[in-house]
Amino acid sequence: MFITLRFFQAFGRAGITTTGYVLIREIVGSEHQTMMGLAIQGGWSIGFVTLVGVAWFFRNWFWLQLVIAVSFIPIVFAFGIISESPRWLLTRGKTTKLERLLTKAAAINGRKVKDDEIKGFTLLNNKRENENKHSATLLEVLRMPKMRKRLLIMIYVWIVNVSLYYAFSYNISDLAGNIYLNFFIAGLVEFPCYVMVYWGIKWWGRRPILVSLMLMGGLSSAAILPIPADMPWLSTTLGLVGKFFVSGSFRLLYLYTAEIFPTGVRNVTLGSCSMCARLGSILAPFIRELGKATHSAVPNSLYAFLALTSGLLALLLPETRGLDLPDTLQEGENLGEITNDSGKDDTNVEVVPLKG
């Protein structure tokens, strides 16, 4: 019964995370999507830090579980507050609901939806009607070569990143010092990484920052290898440094993945990456135990190799800085590339899709 209930708990929590993230990205305007995409993940770090205090006061697993369960109650009241995704309504041809939603949003913001804007939505919907007459599926993504390659790369990067994230988190108990203090610091280092990621992707873009963070996380794992056993403070420091870089790349993955796949399949692709990433979190404690069964250098050596390879593979992904979220499958396939409408020469080319 315990295992069965834990399954449904994980099922619901994973659904809340991925669906909620996609929803908030599609509700806000393009100028706020990056900030909101990172801000919503701040809840994870707040929970990471506050869990230390809850676990400190509630040492018995029963009361700890009860406190965590009660914390989900406020989510029930969010149903009447959070609206449906305007992008999803548009791509599904639900223009009537879209008009009501935008009219309500405009009224709250003291603005008015103009008639020509409503006509623009209708024309855009008619233009995409043929492609969106049915719900896009993951199979359609796999049939398109460019998006298939991106999805496979993203799945590998997610698996490695989540494995490293939980490896650094689990290893906190093996580091020198108080376990509660170490866990608290490990959660605290995530907050400055949000600031670093925000300004980094704003100036240099998503891909170079993701690659840099993954490589630095791998180097941090490799740097622990030559540390002698009589210098535990240095291993602890490098472990927290690695947690800092991996936390940054972990948060950026949500933002980046949501931007390289179109609206119709954004939720299913992000959910698929997150689901496959659970393989990394499952393997993390076993890799940790592998070091005890073989050699203490094996886990960090393996993590360094995985981080370096995933960082290099991320170089094959398209840059999305300055691009609007793609809505159709074809826009997702042509994301950030020069397309030729005539198919014969280089005239009438455009970058798909651009803001405005």
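We use all heavy atoms of the structure for the numbers below, so side chains are in, but hydrogens, waters and symmetry mates are not.
Formation of a donor-acceptor pair under 3.5 Å by the Thr320 side chain with backbone atoms of Leu323 is not found in this model. Checked by atom type and distance alone, the side chain of Thr103 pairs as donor or acceptor with a backbone atom of Glu99 at under 3.5 Å. Checked by atom type and distance alone, the side chain of Arg148 pairs as donor or acceptor with a backbone atom of Leu142 at under 3.5 Å. With hydrogens and angles ignored, the 3.5 Å screen pairs no side-chain donor or acceptor of Ser274 with any backbone N or O of Leu270. Counting only distance, with no hydrogens or angles, the side chain of Ser281 and the backbone of Arg278 share a donor-acceptor pair below 3.5 Å. With hydrogens and angles ignored, the 3.5 Å screen pairs a side-chain donor or acceptor of Glu319 with a backbone N or O of Arg207. Looking at Asn109, its side chain does come within 3.5 Å of a backbone N or O of Ala105 through a donor-acceptor pair.
Note: Leu51 CG to Ile68 CD1 = 6.0 Å, rounded to the nearest 0.5 Å. Expressed to the nearest 0.5 Å, how far CD of Glu26 lies from CE of Met36 amounts to 13.5 Å. We find the CG-OG distance between Leu302 and Ser163 to be 7.5 Å, quoted to the nearest 0.5 Å. Atom CG in Leu253 sits 8.5 Å away from atom SG in Cys273 (nearest 0.5 Å). The CG atom of Leu89 sits 8.5 Å away from the CG atom of Leu102 when rounded to the nearest 0.5 Å. Atom CG of Leu215 is separated from atom CG of Leu210 by 9.0 Å, given to the nearest 0.5 angstrom.
Nearest heavy-atom pair, Phe261 versus Met147, reported as atom, atom and distance to 0.1 Å: CE2-O, 3.9 Å. Taking each heavy atom of Ser272 and Leu138 in turn, the nearest pair found is OG-CD2, 3.6 Å. The two atoms that bring Ala304 and Ser221 nearest to each other are N-CB, 4.1 Å, heavy atoms only. Closest heavy-atom contact between Gly239 and Phe168: O-CD2, 3.4 Å. Minimum heavy-atom separation, Gly20 to Ile40: O-CD1, 4.0 Å. Residues Gly205 and Ile209 approach most closely at O-CG1, 3.2 Å, considering heavy atoms.
Seen from the ring of Tyr166, Arg288 does not count as a face-on cation partner, given the 6.0 Å and 45° thresholds. Seen from the ring of Phe48, Lys243 counts as a face-on cation partner, given the 6.0 Å and 45° thresholds.
With respect to the salt-bridge test (charged N to carboxylate O, under 4.0 angstrom), the residues Glu84 and Lys97 do not qualify. Between Glu289 and Lys292 a salt bridge is recorded (basic side-chain N to carboxylate O distance below 4.0 Å). For the pair Glu190 and Arg251, the salt-bridge criterion is met [side-chain N within less than 4.0 Å of a carboxylate O]. One finds no salt bridge joining Arg266 and Glu259 here, because no Lys/Arg side-chain nitrogen approaches an Asp/Glu carboxylate oxygen to under 4.0 Å.
Heavy-atom contacts from other residues, nucleotides or ligands closer than 6.0 Å to CZ of Phe191 number more than 12. Heavy-atom contacts from other residues, nucleotides or ligands closer than 6.0 Å to CE of Met196 number more than 12.
For Leu313, the side-chain contact (heavy atoms from CB on, under 4.5 Å) partners at least two apart in sequence or on another chain are Ile153, Tyr156, Leu316.
Residue Leu38 is grouped with residue Val28 when hydrophobic side chains (ILVMFWY) are merged at heavy-atom distances under 4.5 angstrom, including chains of intermediate members. Leu23 and Val268 are assigned to two separate hydrophobic clusters, defined by single-linkage of ILVMFWY side chains at heavy-atom distances under 4.5 Å. Linking Ile, Leu, Val, Met, Phe, Trp and Tyr residues whenever their side-chain heavy atoms come within less than 4.5 Å places Trp199 and Leu252 in a single cluster.
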Item to check | Tyr254 and Trp158: CA distance, side-chain angles, deciding distance, ring-ring contact (aromatic ring centres under 6.0 Å, His included) verdict | outcome: CA-CA 9 Å; Tyr254 278 91; Trp158 271 79; 4.9 Å; yes
Checklist entry - Given the rule in the side chain to side chain contact (heavy atoms under 4.5 Å, CB included) test, do Phe286 and Leu290 qualify, once you have shown the distances and angles that lead to the verdict? => result CA-CA 6 Å; Phe286 291 99; Leu290 181 63; over 6 Å; no
Item to check | Stepwise side chain to side chain contact (heavy atoms under 4.5 Å, CB included) test for Ile27 and Ile82 | outcome: CA-CA 9 Å; Ile27 286 179; Ile82 301 177; 4.0 Å; yes
Checklist entry - Yes or no on side chain to side chain contact (heavy atoms under 4.5 Å, CB included) for Ser220 and Leu238, after CA distance, side-chain angles and deciding distance? => result CA-CA 6 Å; Ser220 299; Leu238 290 175; 5.6 Å; no
Item to check | Evaluation steps, side chain to side chain contact (heavy atoms under 4.5 Å, CB included), between Gln41 and Tyr21 | outcome: CA-CA 8 Å; Gln41 296 183 70; Tyr21 183 81; 3.7 Å; yes
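Between the side chains of Tyr194 and Ser45, at least one donor N or O lies within less than 3.5 Å of an accepting N or O.
Annotation: side chain of Val246 is not in contact with side chain of Leu213 (no heavy-atom distance under 4.5 Å). Inter-residue side-chain proximity for Glu140 and Val265 is flagged as unmet; no heavy-atom pair is nearer than 4.5 Å. Asp327 places none of its side-chain heavy atoms less than 4.5 Å from the side chain of Pro262. Residues Ile185 and Leu240 have side chains in contact (heavy-atom distance under 4.5 Å, counting atoms from C-beta outward). Leu219 is listed as a side-chain neighbour of Met216, based on a closest heavy-atom distance under 4.5 Å. Counting heavy atoms from C-beta outward, Leu317 and Met154 have side chains that approach closer than 4.5 Å. Side-chain atoms of Glu331 and Leu325, non-hydrogen and from C-beta on, never get closer than 4.5 Å to each other. The shortest distance between side-chain heavy atoms of Arg321 and Ile201 does not fall below 4.5 Å.
Side-chain rings of Tyr198 and Trp203 stay apart, their centers remaining 6.0 Å or farther from each other.
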